[in-house]
Amino acid sequence: SSLQLAVGVTLYALFTILFTQQFKQSGIPVLLIAAISAALHALLTLFFGMPVGWSFVISMLSATFLGALLFSKVEGL
């Protein structure tokens, strides 16, 4: 339906805005985390046959935890 399409586009736009702002603040480490997350997603779906939805959630959560660990060490928290 058109509502589902609109929500999908909105989520991509939100992600793009958040990613851009984080990249402006932190630079290359953000790109590294995004690349690791994308690689994990591809690995889980293509090589292990995991459903795309679950693979996306796992790769997203992994990137979140990796980013939290990396940036807490960088910022000295």
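Side-chain atoms are counted along with the backbone in the values below, which use heavy atoms only and exclude waters and symmetry mates. The chain is numbered in sequence order, starting from 1.
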Atom pair OG1 (Thr10) and CG (Leu14), whose distance is rounded to the nearest 0.5 Å | 8.5 Å
Following the transitive rule for hydrophobic clusters with a side-chain heavy-atom cut-off under 4.5 Å over Ile, Leu, Val, Met, Phe, Trp and Tyr, establish whether Leu61 and Leu40 coincide in one cluster.
-> no
Note: Ser37 and Ser59 closest approach over all heavy atoms is OG-O, 3.2 Å
To the nearest 0.5 Å, tell me how far Gln22 CD sits from Ile17 CD1.
-> 14.0 Å
Tell me whether Leu66 is reachable from Leu32 by hopping between hydrophobic residues (I, L, V, M, F, W, Y) whose side-chain heavy atoms are closer than 4.5 Å.
-> yes
Test item: Ile33 and Ile36 side chains (from C-beta on) under 4.5 Å apart, heavy atoms = no
From CD1 (Ile58) to CG (Leu43), nearest 0.5 Å | 11.0 Å
What distance do Leu69 atom CG and Thr64 atom OG1 have between them, rounded to the nearest 0.5 Å?
-> 11.0 Å
ring-ring contact (aromatic ring centres under 6.0 Å, His included) contacts in which one or both residues fall within residues 17-48, not counting sequence neighbours | Phe15-Phe19
Determine, using the 4.5 Å side-chain heavy-atom cutoff (strictly less than), whether Leu44 and Leu46 are members of one ILVMFWY cluster.
-> yes
Nearest non-hydrogen partners of Pro29 and Leu70, listed with the distance = CB-CD2, 3.7 Å
Can you tell me how far the CG atom of Leu31 sits from the OG atom of Ser26, to the nearest 0.5 Å?
-> 10.5 Å
